Amino acid sequence: MAQLIAANWKMYKTMAEATATATALAERLQGRIPSHREVLVCPVFVHLAALAPILRDAGIALGAQDVYPADEGAFTGEVSPKQLQDVGCTHVLVGHSERRHILGEADALIAAKTRVALERGLAVVLCIGETLTERRSLQLEAVLFRQVSSALTDLPAAVTERLIVAYEPVWAIGTGEVATLEDIDAAHGLVRRMLRDCLGASAAAVRILYGGSVKPDNAGAILQLDTVDGVLVGGASLDAESFARIVLA
Ligand code: PGA
């Protein structure tokens with residue numbers, strides 16, 4: 001199973017900056033992506049179509065940061081799975097902690113997004129993770145279980161081959177605070193067990209990424225953990241050189 005090295009550009013960059021970063025990344029990675037790695041970049045919606053050809057030529061996949069769980073309709077401001085695929089997306093992030101905590105997305109909406117996007121053929125990176133308060137009050141397992149089971153229960157086995165889970169402790173996102181290797185290993189072990197409970201045998205094919213202050217200097221050690229199948233990178237993915245170093249770590 002190839003490791004997935006994913007960039008989440010969040011709400012950063014103008015079109016000119018996004019194009020320049022994608023071009024620089026494509027130049028650095030052209031023909032150099034290790035065979036055991038896959039690379040994904042998730043820019044804002046309005047840059048997707050422009051970046052698609054630049055990334056595709058370098059073998060880098062394109063993903064959106066969100067999706068609406070319907071094919072079309074009166075959903076002002078939203079974007080459907082088909083519209084994402086139409087401009088070259090193969091992946092989409094769902095349930096990122098900033099959407100859960102800043103935009104107030106609830107488990108039921110995240111479950112609908114996960115299911116519909118998978119059914120329409122997108123690979124979904126389902127993001128989960130606990131806040132510092134939840135961790136300190138010993139709710140890590142309960143929170144992860146709620147997030148995993150609400151999104152994945154009753155998913156048809158045929159679509160789980162496109163499912164990816166990103167464990168991102170909220171307290172480690174954008175804070176420079178990285179979870180220890182022991183914390184990451186333990187949480188990934190829990191998530192793997194929950195995936196088996198929800199999905200049965202098909203859980204084995206689901207990759208579990210770590211996210212939260214991944215940088216060029218800590219990516220190598222994190223990616224060496226047996227329980228880690230890739231990383232989801234925010235801040236350190238905004239610079240082509242820094243993200244390329246993570247891909248090659
Ligand atoms: P960070 O963000 O790498 O800046 O901590 C990770 C994420 O939000 O996916």
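When reading the values below, keep in mind they use all heavy atoms of this one structure, side chains included, and skip hydrogens, waters and symmetry mates. Small disclaimer: the values here were computed from a predicted structure and weren't measured. Both counts, for ligands and for their atoms, begin at 1 and track the order of listing. In what follows, residues are counted from 1 in the order of the sequence shown.
Not counting sequence neighbours, the partners of D66 by the salt bridge (charged side-chain N to carboxylate O under 4.0 Å, His left out) test are R99, K113.
Within the listing of ligand 1, atoms 9 (O) sit less than 4.0 angstrom from a heavy atom of L232. Ligand-side atoms of ligand 1 in range of G174: 1 (P), 4 (O), 5 (O), range being under 4.0 angstrom from any heavy atom. Numbered from 1 in the order shown, with element, the atoms of ligand 1 that lie under 4.0 Å from a heavy atom of H96 read 7 (C), 8 (O), 9 (O).
With hydrogens left out, the protein atom closest to atom 3 (O) of ligand 1 is G234 N, 2.8 Å, a heavy atom. Summary of contacts: the protein heavy atom closest to atom 4 (O) of ligand 1 is G235 N, 2.8 Å. Scanning all protein heavy atoms for the shortest distance to atom 7 (C) of ligand 1 gives E168 OE2, 3.1 Å. Shortest contact from atom 2 (O) of ligand 1 to any protein heavy atom: K10 NZ, 3.3 Å.
Residue-to-ligand polar distances keep T175 apart from ligand 1: every N/O pair is separated by 3.5 Å or more. For ligand 1, the polar-atom distance check finds no N/O of G211 at less than 3.5 Å from any of the ligand's N/O atoms.
Environment of CZ in R32: sparse, with no more than 12 heavy atoms of neighbouring residues, nucleotides or ligands closer than 6.0 Å.
Within the hydrophobic cluster formed by Ile, Leu, Val, Met, Phe, Trp and Tyr side chains joined at under 4.5 Å, directly or through other members, L232 is accompanied by L4, L40, L93, V125, I164, L209.
Distances from ligand 1 to the non-hydrogen atoms of A172 include at least one value under 4.0 Å. Contact analysis puts G212 in contact with ligand 1, with a non-hydrogen atom separation below 4.0 angstrom. Within the 4.0 Å heavy-atom cutoff, K215 does not count among the residues contacting ligand 1. A heavy-atom separation below 4.0 Å is found between S213 and ligand 1.
Contacts between I173 and ligand 1 below 4.0 angstrom, taking non-hydrogen atoms only, involve backbone and side chain alike.
Applying side chain to side chain contact (heavy atoms under 4.5 Å, CB included) to Q147 and the options V191, L152, L126, I128 leaves one that passes, I128.
Without hydrogens or angle criteria, R245 side chain to A219 main chain gives no donor-acceptor distance under 3.5 Å. Checked by atom type and distance alone, the side chain of S213 pairs as donor or acceptor with a backbone atom of A172 at under 3.5 Å.
Checked by atom type, the side-chain pair W9/Q65 shows no donor-acceptor distance below 3.5 Å. Side-chain contact of K13 with T21: a donor-acceptor pair under 3.5 Å is present, judged by distance alone. In this structure, a donor-acceptor pair under 3.5 Å is absent between the side chains of S80 and D71.
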